[in-house]
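Residues take their numbers from the sequence shown, with the count starting at 1.
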Amino acid sequence: MGWQSCPFLVTPLELEKAFEPFKLVINNACVPIDYVNTPVEEFLKIYSAVYERLVDGDTFAGKNVGLLKQIAITTNLSDIKFGMEHKLDGKWVKAVIHDKRSVLPYLAPFTFRTYTENGKLYVSTRASYLAYCDSIFGYEINFPRFSQSDAAYYGLASEKELRAYPDYERFRKNILGITKPFSFRLNGSEKKTAVRISDEVKKCLPNLYCIKSQGIEVL
């Protein structure tokens, strides 16, 4: 199964606006037994810390990786089912129960790296943000993209029939509405990317370590 993504960097206030219709849920780790969802304000604190480090030109390593927490979004908490209750470090915990159709869109940091092949400039955003902390650019929203065999396995025509697909599209449209594609120049070549940035963020981009370390000129 592949993934479709919308990578972006916006200010914390802009992200708060994009979150307006959504609830946030940790779906890849154990949570306290009384957990319902993660308040938007709690995640925005994490995002703000990441954002400030990025625009200050800092990198992430060691203990700072703890800031980079994946979290899922949904407009319908009743679709989220918890189970697998057990004790962990003496406390009762639980986790989201997944089935074939309960995949949620999730947020995670993404990396930004450039390379040249056969004289042509390319951009990669798929490297592990844990392995390449100095290349972190911002966050992305991720959702599955089905191949023909995936569709057959799930018994669906495409990933668009998954319950959470409208949430992925709605959040993506929220981001597209407040951003523009990031374009840059490197070694005389210009490149328009799929990364979305807001006008406010554009002013700070030359400070990002992954931009200045590669000698990228923001257009």
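- Tyr106 is not connected to Ile97 by any chain of hydrophobic side-chain contacts under 4.5 Å among Ile, Leu, Val, Met, Phe, Trp and Tyr, and they are in different clusters.
- Side-chain rings of Phe112 and Phe184 approach one another, their centers coming within less than 6.0 Å.
- At a threshold of 4.5 Å between side-chain heavy atoms, the hydrophobic network of Ile, Leu, Val, Met, Phe, Trp and Tyr places Val25 and Ile46 in one connected group.
- Using a 4.5 Å cut-off on side-chain heavy atoms (C-beta onward), Phe8 and Leu107 make contact.
- When all heavy atoms of Ala18 and Ile175 are compared, the closest pair comes out as CB-CD1, 4.0 Å.
- If you chain together hydrophobic residues whose side chains sit under 4.5 Å apart, Leu88 and Phe82 never meet in one group.
- Both Trp3 and Phe146 sit in one connected hydrophobic cluster of ILVMFWY residues. Membership requires side-chain heavy atoms under 4.5 Å apart, directly or through other members.
- Using a 4.5 Å cut-off on side-chain heavy atoms (C-beta onward), Val50 and Tyr139 make contact.
- No more than 12 heavy atoms of other residues, nucleotides or ligands lie within 6.0 Å of NZ in Lys192, so this atom counts as exposed by the packing criterion.
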Side chain to side chain donor-acceptor pair (under 3.5 Å) evaluation trace for Glu14 with Ser198: CA-CA 8 Å; Glu14 290 167 335; Ser198 67; 2.8 Å; yes
task: Could you give me the CA-CA distance, side-chain angles and deciding distance for Glu200 and Lys203, then say whether salt bridge (Lys or Arg N to Asp or Glu O under 4.0 Å) is met?
output: CA-CA 6 Å; Glu200 192 64 29; Lys203 304 172 187 176; 3.4 Å; yes
task: Given side chain to side chain contact (heavy atoms under 4.5 Å, CB included), test Lys120 with Glu117 step by step and report yes or no.
output: CA-CA 5 Å; Lys120 189 173 181 181; Glu117 193 171 281; 5.9 Å; no
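- Side-chain N or O atoms of Arg113 include none that pairs as donor or acceptor with a backbone N or O of Val123 at under 3.5 Å.
- More than 12 heavy-atom neighbours from other residues, nucleotides or ligands sit within 6.0 angstrom of NZ on Lys94.
- Scanning both residues, Tyr115 and Ser124, for their nearest heavy atoms gives CE2-CB, 4.1 Å.
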task: Determine, stepwise, if the pair Leu9 / Val195 fulfils side chain to side chain contact (heavy atoms under 4.5 Å, CB included).
output: CA-CA 8 Å; Leu9 184 60; Val195 177; 5.8 Å; no
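- Atom CD1 of residue Ile26 and atom OG1 of residue Thr38 lie 4.0 Å apart, to the nearest 0.5 angstrom.
- A distance of 9.5 Å separates OG of Ser48 from CZ of Phe43, quoted to the nearest 0.5 Å.
- Asn27 contributes atom CG, which lies 7.5 Å from atom CD1 of Ile80 (distance to the nearest 0.5 angstrom).
- Taking the side chain as every heavy atom from C-beta outward, Glu159 and Gln4 approach each other to under 4.5 Å.
- In this structure, Phe110 CZ and Cys210 SG are separated by 7.5 Å, a value rounded to the nearest 0.5 Å.
- The minimum heavy-atom distance linking Ala157 with Ala151 is given by the pair O-CB, 3.8 Å.
- Residues Pro206 and Lys212 approach most closely at O-CB, 3.7 Å, considering heavy atoms.
- A pairwise comparison of heavy atoms in Leu54 and Ile136 identifies CD2-O, 3.3 Å as the closest pair.
- A 6.0 Å sphere centred on OH of Tyr122 holds more than 12 heavy atoms belonging to other residues, nucleotides or ligands.
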field: Intermediate values then yes/no, salt bridge (Lys or Arg N to Asp or Glu O under 4.0 Å), Arg185 and Glu190
entry: CA-CA 4 Å; Arg185 181 183 294 113; Glu190 294 187 5; 2.7 Å; yes
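- No continuous path of ILVMFWY side-chain contacts below 4.5 Å connects Ile33 to Val96, so the two sit in separate hydrophobic clusters.
- The minimum heavy-atom distance linking Thr111 with Ala127 is given by the pair OG1-O, 3.1 Å.
- Using a 4.5 Å heavy-atom cutoff, the side chains of Phe19 and Asn174 are not in contact.
- For the atom pair NZ (Lys91) and NE2 (His86), the distance works out to 13.5 Å, reported to the nearest 0.5 Å.
- Annotation: Tyr209, atom OH; neighbour count of heavy atoms from other residues, nucleotides and ligands within 6.0 Å does not exceed 12.
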- request: Test Ile73 against Leu24 for side chain to side chain contact (heavy atoms under 4.5 Å, CB included), laying out the working first.
  value: CA-CA 5 Å; Ile73 65 170; Leu24 310 185; 3.6 Å; yes
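- Taking a 6.0 Å sphere around CG of Asn187, one finds it holds 12 or fewer heavy atoms contributed by other residues, nucleotides or ligands.
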message: Show, in sequence, the C-alpha distance, side-chain angles and deciding distance for Cys6 and Ile141, and conclude whether the side chain to side chain contact (heavy atoms under 4.5 Å, CB included) test is met.
response: CA-CA 5 Å; Cys6 178; Ile141 186 76; 3.6 Å; yes
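- Side-chain atoms of Thr114 and Gln214 include a donor-acceptor pair closer than 3.5 Å.
- The cationic group of Lys191 does not satisfy the cation-pi geometry with Phe182, failing either the under 6.0 Å distance to the six-membered ring centre or the 45° limit from the ring axis.
- Annotation: side chain of Val93 is not in contact with side chain of Tyr35 (no heavy-atom distance under 4.5 Å).
- Side-chain contact between Phe137 and Ile197 is present, with at least one heavy-atom pair separated by less than 4.5 Å.
- Considering only heavy atoms from C-beta on, Val10 comes within 4.5 Å of Tyr47 through its side chain.
- Inter-residue side-chain proximity for Trp92 and Lys87 is flagged as met; some heavy-atom pair is nearer than 4.5 Å.
- Here the CZ-OG distance, from Arg126 to Ser5, works out to 4.0 Å after rounding to the nearest 0.5 Å.
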